[in-house]
Amino acid sequence: MWCVVHVKDGGEGQAEDFVAGLLPEELNARCFHLIRSRRKKYEGQWRTVQEELFPGYVFIDTDQPERVYKELKRTSKPKLLFSDDGYVSTLEEHETELMEKLSDRRGRIGISRVRIGADGKISYLSGPLLGMGNRVRRVNLHKRIAEIEAEIMGRKRLLYLGIEIEADERRNACET
C-alpha cells in the first residue's frame, strides 16, 4: 500500500531522505517520488528530460500505513512537510495498482514506444502504456505525450506520459 506525504515543491529529494531516516528499519518502507521521462525538442533536437509527475508529493510503499502515519505524526513539526493534519494520506488499492503498473521500483516512469498504423491507429509496443491503451484519452504526437485519466489521491487527474514514435521502415525506405 502506498502512503502519500505532501511536501514543499522542489523539496521531494530532501523529504525522501528525511522520511527514510525517520522510519524504523523494521517498517521496511520504501520512500520515493515519481519521475516521468519524456521527449522534448530543443534547438531542433529531441532530448529525453525527467520531470516530477506529482510535484510536492513523496510516496511511501509500506504494508503498515497506520504505523508510518504514527511515526510521521511523532515528529516535532517537520520542516519539510506541510500542515499539521492532512499531510499524510493513503492511496486506494486501485490507485496503488495503477501507479505500480506505470512506474518501476525507484518511482521512474519510462517512455512508451508507439507505432502509428496506416489507418492512423496507435499501437503501444513497450513501456508503461503497454496494455493500458483503454486509459489513454488523447495522444499529442507533436509534443510526444499521451494523456491518461486516472483517479489519484481522491481526484480525477490527467497524467501526461512520454511516448517515442517508432519509425515506419516502409515510409523511410520510400523517402530515400
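Residue numbers run from 1 in the order of the sequence given.
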Is it true that, when you exclude [X] itself, more than 12 heavy atoms of the residues, nucleotides or ligands shown sit nearer than 6.0 Å to its [atom1]?
X      : atom1 : value
Glu93  : CD    : no
Arg105 : CZ    : no
Arg137 : CZ    : yes

Minimum heavy-atom distance [X]-[Y], with the two atoms named:
X      : Y      : result
Ile111 : Ile163 : CG2-C, 3.5 Å
His33  : Gly13  : CE1-N, 4.2 Å
Asn140 : Arg138 : ND2-NH2, 3.6 Å
Met132 : Pro128 : SD-O, 3.3 Å

Side chain to side chain contact (heavy atoms under 4.5 Å, CB included) evaluation trace for Ile109 with Leu53 = CA-CA 9 Å; Ile109 301 172; Leu53 184 63; 3.4 Å; yes
[X] side, atom [atom1]; [Y] side, atom [atom2] - distance, nearest 0.5 Å:
X      : Y      : atom1 : atom2 : answer
Glu92  : Thr90  : CD    : OG1   : 8.5 Å
Ser37  : Leu161 : OG    : CG    : 10.5 Å
Glu147 : Lys143 : CD    : NZ    : 10.5 Å
Cys31  : Asp17  : SG    : CG    : 8.5 Å
Ile145 : Ser112 : CD1   : OG    : 12.5 Å
Leu159 : Ile148 : CG    : CD1   : 4.5 Å

message = Between the side chains of Arg38 and Glu51, is the shortest nitrogen-to-carboxylate-oxygen separation below 4.0 Å, so that they form an ion pair?
response = yes
task = May I ask you to decide whether Lys156 forms a salt bridge with Glu149, counting only side-chain N to carboxylate O separations under 4.0 Å?
result = yes
message = Would a single hydrophobic cluster contain both Tyr160 and Ile35, if residues Ile, Leu, Val, Met, Phe, Trp and Tyr are joined by side-chain heavy-atom contacts under 4.5 Å?
response = no
Side chain [X], main chain [Y], donor-acceptor under 3.5 Å:
X      : Y      : answer
Asp104 : Arg108 : yes
Glu12  : Gly56  : yes
Glu26  : Pro24  : no

message = Could you go through Glu164 and Trp46, starting from their C-alpha distance and side-chain angles, then the distance that decides it, and tell me whether this counts as side chain to side chain contact (heavy atoms under 4.5 Å, CB included)?
response = CA-CA 10 Å; Glu164 180 66 41; Trp46 284 102; 5.9 Å; no
request  = Please assess Leu102 against Leu34 for the test side chain to side chain contact (heavy atoms under 4.5 Å, CB included), listing each intermediate value before the final yes or no.
outcome  = CA-CA 10 Å; Leu102 292 177; Leu34 294 170; over 6 Å; no
request  = Return the set of residues passing ring-ring contact (aromatic ring centres under 6.0 Å, His included) with Tyr124 (not counting sequence neighbours), or none when no residue passes.
outcome  = none
Is any side-chain heavy atom of [Y] closer than 4.5 Å to one of [X]?
X      : Y      : result
Arg157 : Phe54  : yes
Glu97  : Trp2   : no
Arg36  : Gln50  : no
Met99  : Ile152 : yes
Val19  : Ile60  : yes
Ile165 : Arg39  : no
Val136 : Leu129 : yes
Arg67  : Leu27  : yes

task = State, without any angle test, whether Ser123 and Arg115 hold a side-chain donor-acceptor pair at a distance under 3.5 Å.
result = no
task = Specify whether Phe59 and Tyr57 have parallel, tilted or perpendicular ring planes, treating 30° as the upper limit for parallel and 60° as the lower limit for perpendicular.
result = tilted
key: Worked check of side chain to side chain contact (heavy atoms under 4.5 Å, CB included) between Met153 and Val4   = CA-CA 8 Å; Met153 295 180 265; Val4 182; 3.6 Å; yes
